[in-house]
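The next block holds one structure in the form of structure tokens; read it before the comments.
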Amino acid sequence: MKKKKNIFIEGAISPEFIAESIAKHQTKMNIGAHNIFLGQVRADEVEGKKVTAIEYTCYKAMAEEKLSEIRENAFEKYDLTCMHIYHSLGTIKAGDICFFVFVSSKRRKQVYAATEDIVNMVKTEVPIFGKEIFEDQDYQWKVNTF
């Protein structure tokens with residue numbers, strides 16, 4: 001049985017966590033390319049109000065199952081060596097990192113295509129919800145756009 005990956009992180013994804021993830025791959029000598037996608041909370045303006053944070057929630061069991069499917073599909077479709085997906089839960093302030101995808105392969109073409117595919121699938125298929133919180137503490141549910 002495969003070890004269950006811990007995908008969800010309470011709070012923002014720190015630069016130190018990202019750096020440690022990269023450093024851990026230096027011992028893997030069969031990797032020739034890495035690609036990283038970092039999703040950051042934007043301070044969007046909606047109807048004159050500024051977003052100060054996004055509160056992320058999810059249906060954890062469903063989300064983990066869907067993320068596992070995305071992972072398996074990515075390994076079938078692309079010649080990957082490693083793949084990691086992390087997403088924040090809780091309230092993440094504007095400017096902080098909330099989504100981290102890290103893909104590794106022998107060749108660069110694989111990591112570019114795989115990263116874009118994985119990010120788009122997570123955004124469209126995984127039941128993760130974001131409540132945009134405004135300066136006045138009012139909120140609206142976020143709609144993913146491409």
Side-chain angles (χ1 to χ4, degrees), residues 1-46 49-134 139-146:
M1 190 164 143
K2 278 197 310 194
K3 188 176 114 182
K4 191 173 179 184
K5 290 263 188 203
N6 187 15
I7 295 159
F8 294 106
I9 294 174
E10 279 297 325
I13 299 170
S14 71
E16 295 79 14
F17 181 85
I18 295 163
E20 285 172 26
S21 296
I22 295 166
K24 287 177 187 175
H25 287 75
Q26 290 179 306
T27 59
K28 298 180 181 187
M29 302 300 168
N30 59 338
I31 295 173
H34 300 288
N35 198 27
I36 292 174
F37 173 86
L38 299 174
Q40 178 174 312
V41 174
R42 288 184 314 274
D44 284 346
E45 196 169 297
V46 181
K49 295 192 285 188
K50 190 175 181 182
V51 173
T52 59
I54 297 179
E55 182 183 329
Y56 288 101
T57 57
C58 74
Y59 292 121
K60 213 168 192 176
M62 285 175 64
E64 287 172 345
E65 187 177 320
K66 193 64 194 168
L67 286 161
S68 181
E69 283 176 34
I70 290 169
R71 181 179 171 74
E72 286 175 31
N73 291 340
F75 274 102
E76 284 175 24
K77 187 173 179 181
Y78 302 100
D79 184 20
L80 302 179
T81 308
C82 293
M83 186 194 79
H84 305 278
I85 301 170
Y86 299 99
H87 203 292
S88 294
L89 293 179
T91 302
I92 312 304
K93 293 182 206 160
D96 286 345
I97 302 297
C98 58
F99 184 27
F100 172 32
V101 176
F102 183 24
V103 179
S104 307
S105 181
K106 292 178 183 179
R107 306 264 185 269
R108 70 183 179 278
K109 283 186 179 183
Q110 295 293 312
V111 297
Y112 293 139
T115 303
E116 184 173 12
D117 219 10
I118 291 162
V119 168
N120 288 337
M121 284 191 286
V122 169
K123 289 296 217 175
T124 58
E125 299 176 20
V126 180
I128 298 171
F129 310 100
K131 185 194 304 182
E132 292 178 310
I133 302 168
F134 299 105
Y139 68 88
Q140 74 174 13
W141 289 100
K142 183 166 179 46
V143 177
N144 286 325
T145 57
F146 295 96

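Here the structure is a predicted model, which is why all the values come from computation and not from measurement.
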Q) Which atom pair, heavy atoms only, marks the closest approach of Ile54 to Gly130? A) CG2-CA, 3.6 Å
Q) Taking only residues two or more places apart in sequence or in another chain, which ones pass side chain to side chain donor-acceptor pair (under 3.5 Å) with Gln140? A) Glu132
Q.
What I'd like to find out is whether the side chain of Leu89 reaches to under 4.5 Å of the side chain of Cys58, using heavy atoms alone.
A. yes
Q) Who are the salt bridge (Lys or Arg N to Asp or Glu O under 4.0 Å) partners of Glu125, not counting sequence neighbours? A) Lys66
Q: Quick one: closest heavy-atom pair of Ile92 and Val41, and the distance?
A: CG2-CG2, 3.7 Å
Q: Please name all residues satisfying salt bridge (Lys or Arg N to Asp or Glu O under 4.0 Å) with Asp44, sequence neighbours left out, ordered by chain then number.
A: Arg42
Q: Inspect the surroundings of NZ in Lys50 and state if more than 12 heavy atoms from other residues, nucleotides or ligands are less than 6.0 Å away.
A: no
Q.
How close do Ala33 and Val111 get, counting heavy atoms only, and between which atoms?
A. O-CG1, 3.6 Å
Q: Write out all pairs satisfying salt bridge (Lys or Arg N to Asp or Glu O under 4.0 Å) with one or both partners inside residues 101-120, taking only residues at least two apart or from two chains.
A: Lys77-Asp117
Q.
How about NZ on Lys93, more than 12 heavy atoms from neighbouring residues, nucleotides or ligands closer than 6.0 Å, or not?
A. no
**Q.** Nearest heavy-atom neighbours spanning Ala53 and Thr91
**A.** CB-CG2, 3.8 Å
Q) With Phe99, which residues qualify under ring pair (Phe, Tyr, Trp, His ring centres under 6.0 Å), at least two apart? A) Phe37, His87
Q. Applying salt bridge (Lys or Arg N to Asp or Glu O under 4.0 Å), which residue pairs with at least one partner in residues 7-25 are found, sequence neighbours left out?
A. none
**Q.** Any residue meeting side chain to side chain contact (heavy atoms under 4.5 Å, CB included) with Phe75, in chain and number order, not counting sequence neighbours
**A.** Arg71, Leu80, Met83
**Q.** Pairing residues for Phe129 by the side chain to side chain contact (heavy atoms under 4.5 Å, CB included) criterion, not counting sequence neighbours
**A.** Thr57, Tyr59, Pro127, Trp141
Q: Flag the pair Ile133 / Thr52 as yes when at least one side-chain heavy-atom distance between them is below 4.5 Å, and no otherwise.
A: yes
Q. Just by modelled atom types, is the Lys131 backbone N or O under 3.5 Å from a matching donor or acceptor in the Glu55 side chain?
A. no
Q) Who passes side chain to side chain donor-acceptor pair (under 3.5 Å) against Ser104, sequence neighbours left out? A) His34
Q.
Checking the side chain of Ser105 only, and the main-chain atoms of Thr81 only, is there a donor and an acceptor separated by less than 3.5 Å?
A. no
(Q) Quick check for you: to the nearest 0.5 Å, what is the distance between Ile85 atom CD1 and Asn6 atom CG? (A) 12.5 Å
**Q.** Set of side chain to side chain contact (heavy atoms under 4.5 Å, CB included) partners for Ile36, sequence neighbours left out
**A.** Ile22, Leu38, Phe100, Phe102
Q: Check ring pair (Phe, Tyr, Trp, His ring centres under 6.0 Å) between Phe17 and all other residues, then give those that pass, not counting sequence neighbours.
A: Tyr86
Which donor-acceptor pairs under 3.5 Å do side chains of residues 25-32 form with protein atoms, sequence neighbours excluded?
from, atom 1, to, atom 2, distance (Å)
His25, ND1, Ser21, O, 2.8
His25, NE2, His84, NE2, 3.3

(Q) Using the rule given for side chain to side chain contact (heavy atoms under 4.5 Å, CB included), can you reason through Val101 versus Val122, listing the C-alpha separation, both sets of side-chain angles and the distance that settles it, and then say yes or no? (A) CA-CA 10 Å; Val101 176; Val122 169; 5.5 Å; no
(Q) Can you confirm whether more than 12 heavy atoms, excluding those of Phe134, are under 6.0 Å from its CZ atom? (A) yes
(Q) Please find the pair of heavy atoms, one from Ser88 and one from Ile13, that lie closest to each other, and give the distance. (A) OG-CG1, 3.6 Å
